[in-house]
Every structure is written in C-alpha cells, then in structure tokens.
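First the proteins, then the strands, lettered A, B, ... as listed; each starts at 1.
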Amino acid sequence: MDINRLTRLSEFAWRIEPVDGMRVPVIIYADEILLGEMDEKVREQAVNVTMLPGIVGACYAMPDAHWGYGFPIGGVAAFAPEQGGVVSAGGVGFDISCGVRTLHTGLKREQIDPLKKTLADALYATVPVGVGSRGHIRLDHAQMEEMLRGGAEWAVRQGYGRSEDLERIEERGRMAGAEPEAVSVHAKERQRPEMGTLGSGNHYLEIQEVGEIYDAAIAASFGLASGDVMVTIHCGSRGLGHQIGTDYLKRMQAAAVQHGIVLPDRELACAPIDSPVGRDYLGAMCAAINCALANRQIITHLTRRVFAEILPDARLDLLYDVSHNTCKVEEHLVHGRKRQVYVHRKGATRAFGPGHPDLPKAFRESGQPVLIGGSMGTASYILAGTASGETLSFASACHGAGRAMSRHQAVRTWGGREVVDELAARGIIVRSPSWRGVAEEAPGAYKDVHDVVIAADRAGLARLVAQVTPMACIKG
DNA sequence: ATGTCC
C-alpha cells in the first residue's frame with residue numbers, strides 16, 4: 001500500500017480523511033512494514049465501506065487485513081439503525097462465526113511428547129476433517145431448529161461437554177436472536193451431515209505448547225505457564241454459514257436496489273438493519289453463530305474423548321471461545337455518546353477490555369482472552385482485551401496472520417509433502433487428507449503473525465499475554 | 001471459507 005495516501009497518526013495507526021462520498025474516515029492499524037506489504041485493495045475496500053449508509057465512527061482495518069469479498073478481511077465497521085444503517089453479508093464473511101477456542105490440557109510438554117504421534121493419529125481418526133467431511137451426528141428437523149437456537153448450550157445439553165464450558169464462550173454459548181425459519185432448507189440440508197466436523201482451508205485442530213509469556217499477571221489469571229500444553233480448535237459454521245451467505249447476498253443485492261442504496265462495489269450488497277431482508281439476515285446469521293458454537297463444542301467433546309483414552313489425567317478445561325466473523329449489536333461510544341450499533345467484524349476478534357459487563361467474572365480484571373491463530377507450523381498468540389480498544393476499534397483486534405500469497409501461488413511454490421516433511425523435521429506432526437490443502441496453507445504463504453500481534457499490542461487494540469507453539473496439527 | 005462450478 002502506498003504510504004503517501006495516508007496520514008500518520010502514530011507509529012501504529014494511519015488515517016484516510018473522509019472525502020468524495022466517504023461518510024467517515026478509514027483508520028488502519030499497522031506498522032510501516034505491514035502497511036507497505038498490505039494490498040492496495042484493503043484501502044480501496046475500506047474506503048468503499050465508509051460510503052455505506054449509517055456507518056458510524058470509522059471503518060477500521062486490523063494489522064492482518066487483506067483483500068476480501070467486498071469488505072476487507074481484518075475489517076471492522078459499525079452501523080446505526082436509526083441513521084438508516086445497513087447489515088451486509090459480505091461484511092460478516094461466508095464462514096459465519098468462524099472462530100477459535102483454546103483448551104488447557106492441564107499437562108506439561110514432557111507428558112505429551114512421548115505420545116504426540118499417538119494423539120495426532122487418534123485425533124485425526126476421530127475428528128472428521130477436509131472438504132465435505134461428514135460426521136456421525138444426524139439432526140432431524142426439530143433437533144436442527146433446537147441446535148440453531150441453542151448453540152453450544154444445546155450441544156452441552158446433548159452431552160457434548162460440560163456446563164462450565166458455557167461461561168467460557170462468547171454470549172455464554174448461545175447467541176440470542178437466532179431465527180431458524182430465516183435459514184433456507186438448503187442450508188440446513190447441507191449442514192445435516194456436517195455437525196462436529198472441522199472443514200478445510202485454514203481450519204485446524206492443534207496441540208500446542210505455551211512458550212514465551214509477555215504479561216505474567218494476566219497469563220497466571222488465564223492459567224497459563226510456560227511448557228503447558230493447550231489444544232486449539234479453529235473452525236466455523238461449515239456448509240450452513242456458507243449457504244446463508246450465498247442466499248442473502250442475492251437477496252441483499254435486490255434489497256439495496258429497492259432501498260436506493262448506491263453501492264460503490266456490487267460485493268458490498270447490504271440491506272437496512274430495519275428492513276425485512278436485514279432482519280431476516282440477522283436472524284439467520286445468529287443461527288449460524290449458534291451452529292459454529294455447537295460445532296466447536298462437539299469437536300471439543302471428541303477431543304476430550306481421545307485424550308481420555310490416551311492421557312486420562314488431561315483436564316481439557318476451556319480457556320475461551322471467540323468468533324471472528326460476526327455482526328453483533330453492542331453498546332459503544334460514538335462521538336462520546338453510548339449507542340447501540342451493529343458491529344461487523346470480518347476476520348477481526350472481539351476484544352472487550354477489563355470491566356466489560358458482558359465478560360464472565362474470571363475475565364473482569366484482565367479483559368477477555370483474544371485468541372490469535374497463526375499459520376500451520378508457526379506460533380499462535382493469546383492476548384487480552386484492553387480499555388483503549390473501545391475507542392480505537394469498537395473493541396476489536398486482529399484474528400490471525402493473514403495471507404501474504406494466494407492459494408494458487410502457494411500450490412505453485414510448495415508441495416504438500418515437502419511442507420509436511422519440513423514441519424516434521426522441526427518436531428511438528430501434521431495429519432491431513434489433502435496434500436494440496438497443506439501446500440495452500442504452507443507457513444510461507446502467510447504474513448509473520450508475530451509482527452501482526454506486536455502491531456495490535458502497540459496500537460493498543462489488545463495486550464500480548466503469551467505465545468503458543470505447535471506440536472501437532474490436524475489440518476483440513 | 002465452500003458439496004473448491006448448478
């Protein structure tokens with residue numbers, strides 16, 4: 001990105017003034033190097049978003065931002081319904097409520113190391129992974145409706161997990177406002193065989209070791225110490241969320257025309273929050289959030305079953321579960337006044353700071369855990385929400401490394417077998433049904449996640465707490 | 001991300 005087109009606010013913040021149809025500014029959080037590597041498309045897309053009706057504050061880009069469908073991935077934008085604010089399917093993303101949850105095994109590296117291969121094989125055999133992977137659960141119509149309304153709370157009721165898990169999930173495991181009737185029959189049919197499956201692309205299940213600690217007090221309050229072994233699950237709402245995205249994109253294109261909304265880009269299709277299509281989408285999207293929460297809950301249950309057989313002492317207590325593709329109604333300060341706004345976070349993690357009333361007691365002092373997944377074979381990071389994030393980004397932070405190279409380019413550059421061998425030489429076991437998938441996800445195809453989280457920390461979006469490094473990765 | 005093109 002051309003740095004000369006931006007006004008520098010600080011070492012880690014850049015601004016584009018609102019001109020030519022922009023209703024609010026764009027603010028990008030990144031250091032000069034990350035900004036230099038960022039695609040011009042991020043600037044163009046963020047500028048386009050500021051032209052949508054009812055946008056408030058600014059359109060924000062996180063340090064891991066890259067080119068997405070309509071909205072940049074790593075983008076945050078909030079809209080006010082009383083100002084004709086809109087909701088956009090492209091502003092949430094196709095993998096609705098894709099997210100990350102991290103579990104504490106309660107074990108140290110030395111206890112896991114001799115059984116790493118056994119665990120990787122057993123997890124790979126138990127958790128369905130890959131394109132079109134199918135699970136063992138088949139929900140009938142009534143169960144599907146209950147799942148879409150109940151989320152992880154429903155999953156726990158079905159025996160997939162523990163009631164104490166729910167405290168450690170955004171929305172306490174159940175997103176209010178879900179309307180299963182706003183979800184097409186086709187979307188539900190696609191989801192029927194896919195409950196409890198990991199999917200493909202950047203989704204994974206990883207065994208990780210806590211490495212460096214950056215904030216000792218918060219790490220201790222999260223129960224993290226160097227050498228501890230964690231399990232992280234990264235996946236979303238599978239076919240259901242994707243189909244909802246497809247269904248509503250079409251309806252929103254018509255709705256935008258009908259409501260006279262001028263779209264700078266067709267991909268920004270949207271509908272007023274207070275309109276039939278807008279309300280239906282929000283109901284369907286909340287149902288997809290519940291689907292993703294239930295999905296991660298079932299995979300957690302499968303993971304615990306595997307550990308119970310191999311390492312019966314493993315606790316696998318849930319640290320936290322975050323979603324990074326959502327639109328949520330939240331109260332935020334807009335020009336110094338508290339207002340209810342619809343915050344789109346696409347490839348951006350909610351990062352509520354200390355004292356936020358929606359956080360469970362365990363995180364009232366520290367701020368919520370912000371889980372940042374790296375690429376396969378690189379570190380992941382655990383951060384904590386800050387008070388400053390509220391005014392900087394509607395309490396949002398980055399979500400991952402962000403691609404530096406297209407999938408196509410990655411496949412031309414590496415072979416899957418080569419990537420697996422290289423990682424094995426570094427002690428990282430990879431199990432995947434797809435060599436191509438592994439090549440697409442080669443660590444070199446991603447930006448350096450370390451630079452991304454440093455930028456997020458220095459910009460004040462979230463506070464660095466701990467680094468975790470991979471031991472074994474089950475890859476879709 | 002995705003029954004990687006209805």
Side-chain angles (χ1 to χ4, degrees), chain A residues 41 45 64-75 88-100 128-135 137-139 144 183-205 233-250 267 269 281 284-285 287-289 291-293 295-296 299 322-327 344-349 373 375-376 399-412 416 432-442 445-446 474-476:
Chain A
K41 279 280 175 191
Q45 292 192 317
D64 53 339
H66 56 284
W67 184 4
Y69 185 90
F71 286 59
I73 296 161
S88 170
V92 172
F94 278 74
D95 190 4
I96 298 168
S97 197
C98 179
V100 178
V129 295
V131 178
S133 49
R134 298 160 71 92
I137 299 162
R138 293 291 178 279
L139 305 182
M144 178 67 73
V183 179
S184 67
V185 172
H186 188 197
K188 292 170 189 166
E189 278 308 308
R190 274 184 73 172
Q191 189 58 27
R192 251 171 62 77
E194 293 190 338
M195 290 311 295
T197 67
L198 202 60
S200 63
N202 63 4
H203 293 166
Y204 59 77
L205 187 159
I233 297 161
H234 178 202
C235 64
S237 53
R238 306 285 287 109
L240 182 117
H242 191 270
Q243 191 60 46
I244 290 171
T246 307
D247 292 342
Y248 278 92
L249 197 68
K250 212 171 160 188
E267 293 185 355
Y281 175 74
M285 184 212 56
I289 290 177
C291 177
L293 296 180
N295 198 33
R296 290 196 285 274
I299 293 171
V322 300
S323 296
H324 48 228
N325 283 356
T326 59
C327 175
H344 294 65
R345 294 189 183 89
K346 181 185 190 180
T349 310
S375 61
M376 170 180 52
H399 85 305
R403 290 200 80 89
M405 192 186 280
S406 71
R407 295 184 177 281
H408 191 70
Q409 200 181 343
V411 169
R412 278 182 315 200
S432 172
S434 164
W435 293 115
R436 187 188 166 86
V438 168
E440 287 179 351
E441 292 293 318
Y446 281 85
I474 311 304
K475 189 77 193 164

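- Residue contacts for A:His186: at a heavy-atom cut-off of 4.0 Å it reaches a base atom on one of the strands shown.
- Checked by atom type, the side-chain pair A:Asp95/A:His242 shows no donor-acceptor distance below 3.5 Å.
- Judged as a side-chain contact (heavy atoms from CB on, under 4.5 Å), and not counting sequence neighbours, the contacts of A:Leu205 are A:Leu123, A:Val127, A:Leu198, A:Val231, A:Ile233, A:Ile299, A:Thr303, A:Ile474.
- The separation between A:Asp247 atom CG and B:dC6 atom C1' is 13 Å, rounded to whole Å.
- In this structure, A:Arg238 reaches the B:dT2 phosphate: one of its side-chain N or O atoms is under 4.0 Å from OP1 or OP2.
- The pair A:Arg138-A:Glu194 fails the salt-bridge criterion, with no side-chain N (NZ, NE, NH1 or NH2) lying under 4.0 Å from an Asp/Glu carboxylate O.
- Using a 4.0 Å heavy-atom distance criterion, A:Ser200 is classed as a base contact.
- For A:Lys346 (side chain) and A:Tyr69 (main-chain N/O), a donor-acceptor pair under 3.5 Å exists by modelled atom type.
- At whole-Å resolution of the value, CZ in A:Arg134 and C1' in B:dT2 are 15 Å apart.
- Distance, A:His242 NE2 to B:dT4 P: 10 Å, rounded to whole Å.
- Taking atom CD on A:Glu189 and atom P on B:dT2, their separation rounds to 18 Å, with Å as the unit.
- For the pair A:Phe94 CZ and B:dT4 P, the computed distance is 15 Å after rounding to whole Å.
- What separates OH of A:Tyr69 from P of B:dT4 is a distance of 18 Å, to the nearest Å.
- A:Arg436 has its CZ atom 12 Å from the P atom of B:dT4, to the nearest Å.
- If you measure from atom CZ of A:Arg403 to atom C1' of B:dT4, you get 13 Å, rounded to the nearest angstrom.
- When each of A:His203 and A:Val131 is assigned the nucleotide of DNA chain B bearing its nearest heavy atom, the one mapping closer to the 5' terminus is A:His203.
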